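A short write-up of the structure that comes next.
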Amino acid sequence: VLFDSIPVMIVMFRPDLGQVQFNQTFERLTGWTTAEGQALKGEVLESMYPDPLERQAAAEFFLQAQPDWQTFAVHTRGGELLPSRWTNIRLADQTQIGIGIDMREELRAEQALRGSEERFRLASQAVAGIVYDWDLAAGRIQHSEAINWVIGVSPEIPARDPDWWIEQIHPDDRPRVRARFRELLAGDSGAYEIEYRAHHADGRWVHIWDRALIVRDAQGRAVRIVGTMSDISARKGLELALAKANASLMEANQELSLANLALRENEGR
């Protein structure tokens with residue numbers, strides 16, 4: 001019952017192919033039956049692997065009976081390719097058991113992931129700043145390539161450790177950012193924005209405007225954060241210059257007021 005109901009492909013055979021048996025999962029996925037395997041023997045192997053080099057590689061792998069995994073593209077009875085991963089063992093009576101896993105769903109998932117990453121890359125290129133996607137549940141964070149020119153590091157560096165970014169925040173800003181972040185995760189807010197300074201690889205401090213959306217599950221727990229980080233150093237520089245200009249203007253106005261007062265006093269005298 002286990003042999004026929006387990007959701008992986010199983011092939012039992014003798015090294016001389018004197019006995020061949022397929023389980024129902026193998027028959028369903030490949031279209032080849034045990035009866036055909038018994039009757040055709042080597043011809044079934046040739047049909048599964050029409051290419052002589054692939055057939056030789058598969059035969060050598062199974063005859064070695066080593067518990068490793070190797071990927072093969074098996075041709076089904078209908079001529080379709082079935083990407084699969086196989087391992088095999090040899091029993092004391094020399095019977096060998098091959099165990100195969102259908103890789104089609106895995107390959108489709110990988111293709112979908114590559115497509116998602118490509119969309120993320122294209123979208124991030126259209127944004128003037130760092131785009132990031134933080135999966136809180138998985139503890140994984142992805143940054144766009146813009147992080148390289150904003151703070152001078154490769155996107156792979158923060159991807160290894162989500163806590164890495166908080167360590168790049170200026171020590172004077174870090175407690176405020178930590179407290180704000182804890183408050184956001186504990187609350188029910190769906191978005192946030194915050195300004196702070198981050199360390200650049202060349203040693204300077206970059207002013208960052210961090211804006212993000214917080215994705216929550218049905219229980220209200222934050223599970224994902226998607227946002228952008230913009231370098232606003234130029235704007236902060238202009239703000240500082242404007243503040244200095246305003247201060248100078250106020251000082252000049254005070255001096256003018258004092259001069260006018262002195263003038264009126266002098267006229268009075």
Side-chain angles (χ1 to χ4, degrees), residues 1-121 133-142 155-156 159-162 217 223-224:
V1 171
L2 178 62
F3 179 77
D4 277 329
S5 61
I6 192 170
V8 296
M9 294 178 285
I10 298 180
V11 177
M12 295 181 63
F13 61 96
R14 303 284 293 179
D16 60 359
L17 298 180
Q19 177 183 352
V20 178
Q21 186 176 0
F22 306 146
N23 74 338
Q24 291 182 6
T25 302
F26 182 91
E27 293 181 344
R28 175 174 55 82
L29 293 176
T30 69
W32 298 103
T33 66
T34 294
E36 291 172 322
Q38 290 281 17
L40 300 175
K41 294 182 172 52
E43 295 179 21
V44 171
L45 188 63
E46 293 178 1
S47 298
M48 291 181 185
Y49 303 99
D51 183 89
L53 294 179
E54 292 182 355
R55 184 164 63 249
Q56 181 179 355
E60 291 177 353
F61 173 76
F62 284 106
L63 290 177
Q64 287 174 0
Q66 295 181 356
D68 297 324
W69 289 91
Q70 188 164 330
T71 301
F72 295 101
V74 179
H75 284 69
T76 67
R77 199 175 191 283
E80 299 178 358
L81 279 177
L82 174 64
S84 52
R85 185 177 293 117
W86 289 85
T87 187
N88 68 109
I89 58 174
R90 180 178 295 155
L91 304 182
D93 66 352
Q94 300 305 305
T95 298
Q96 290 189 212
I97 302 177
I99 302 172
I101 300 174
D102 181 1
M103 294 177 57
R104 287 176 297 184
E105 285 298 325
E106 179 181 340
L107 293 176
R108 277 194 287 266
E110 290 179 356
Q111 185 176 4
L113 178 60
R114 285 194 296 270
S116 176
E117 291 175 345
E118 177 66 11
R119 288 191 294 272
F120 177 83
R121 185 185 66 82
D133 182 358
W134 188 354
D135 188 339
L136 296 171
R140 182 176 60 251
I141 189 167
Q142 181 181 6
E156 287 77 18
R160 302 189 193 109
D161 180 12
D217 61 14
V223 295
R224 199 178 204 96

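No hydrogens, no waters, no symmetry mates; every other heavy atom, side chains included, goes into these values. Note that the structure is a prediction, hence the values are computed from the model and not measured. Residue indices begin at 1 and follow the sequence shown.
- Counting heavy atoms from C-beta on, the side chains of Ile99 and Met9 never come closer than 4.5 Å.
- The minimum heavy-atom distance linking Val74 with Ser84 is given by the pair CG2-OG, 3.6 Å.
- By the 4.5 Å heavy-atom criterion applied to side chains, Arg224 and Asp133 are counted as neighbours.
- Shown here are the salt bridge (charged side-chain N to carboxylate O under 4.0 Å, His left out) partners of Glu60, two or more places apart in sequence or in another chain: there are none.
- The line from CD of Gln94 to CD of Gln96 is 7.5 Å long, rounded to the nearest 0.5 Å.
- Between Phe3 and Gln24 the shortest side-chain heavy-atom distance does not fall below 4.5 Å.
- For residues 85-96, the set of pairs meeting the salt bridge (charged side-chain N to carboxylate O under 4.0 Å, His left out) definition, not counting sequence neighbours, comprises Arg85-Glu106.
- Between Val20 and Met12, every side-chain heavy-atom pair lies at or beyond the 4.5 Å cut-off.
- Between Pro50 and His75 the shortest heavy-atom distance is CD-ND1, 3.2 Å.
- In this view, Arg108 and Glu105 satisfy the salt bridge (charged side-chain N to carboxylate O under 4.0 Å, His left out) rule, not counting sequence neighbours.
- Residues that satisfy the salt bridge (charged side-chain N to carboxylate O under 4.0 Å, His left out) test with Asp217, not counting sequence neighbours, are Arg221.
- Considering only heavy atoms from C-beta on, Val11 comes within 4.5 Å of Phe26 through its side chain.
- Taking Thr33 as the reference, Glu27, Ala35, Glu36 meet the side-chain contact (heavy atoms from CB on, under 4.5 Å) condition, with sequence neighbours excluded.
- By the 6.0 Å contact criterion, CD on Gln70 is enclosed, its count of non-hydrogen atoms from other residues, nucleotides or ligands being greater than 12.
- Inter-residue side-chain proximity for Leu82 and Leu29 is flagged as met; some heavy-atom pair is nearer than 4.5 Å.
- Residues Ile141 and Asp135 are not in side-chain contact: their nearest non-hydrogen atoms beyond the backbone lie 4.5 Å or more apart.
- Applying the ring-ring contact (aromatic ring centres under 6.0 Å, His included) criterion to Trp32, with sequence neighbours excluded, gives no partner residue.
- Using a 4.5 Å heavy-atom cutoff, the side chains of Ile6 and Asn23 are in contact.
- Here the CD-OG1 distance, from Glu80 to Thr30, works out to 11.5 Å after rounding to the nearest 0.5 Å.
- Looking at every heavy atom in both residues, Asp102 comes nearest to Pro83 through OD1-O, 3.8 Å.
- Exactly one residue among Tyr49, Trp86, Phe72, Trp69 makes a ring pair (Phe, Tyr, Trp, His ring centres under 6.0 Å) with Phe61. That residue is Phe72.
- Here the closest non-hydrogen pair linking Val8 and Ile101 is CG1-CG1, 4.4 Å.
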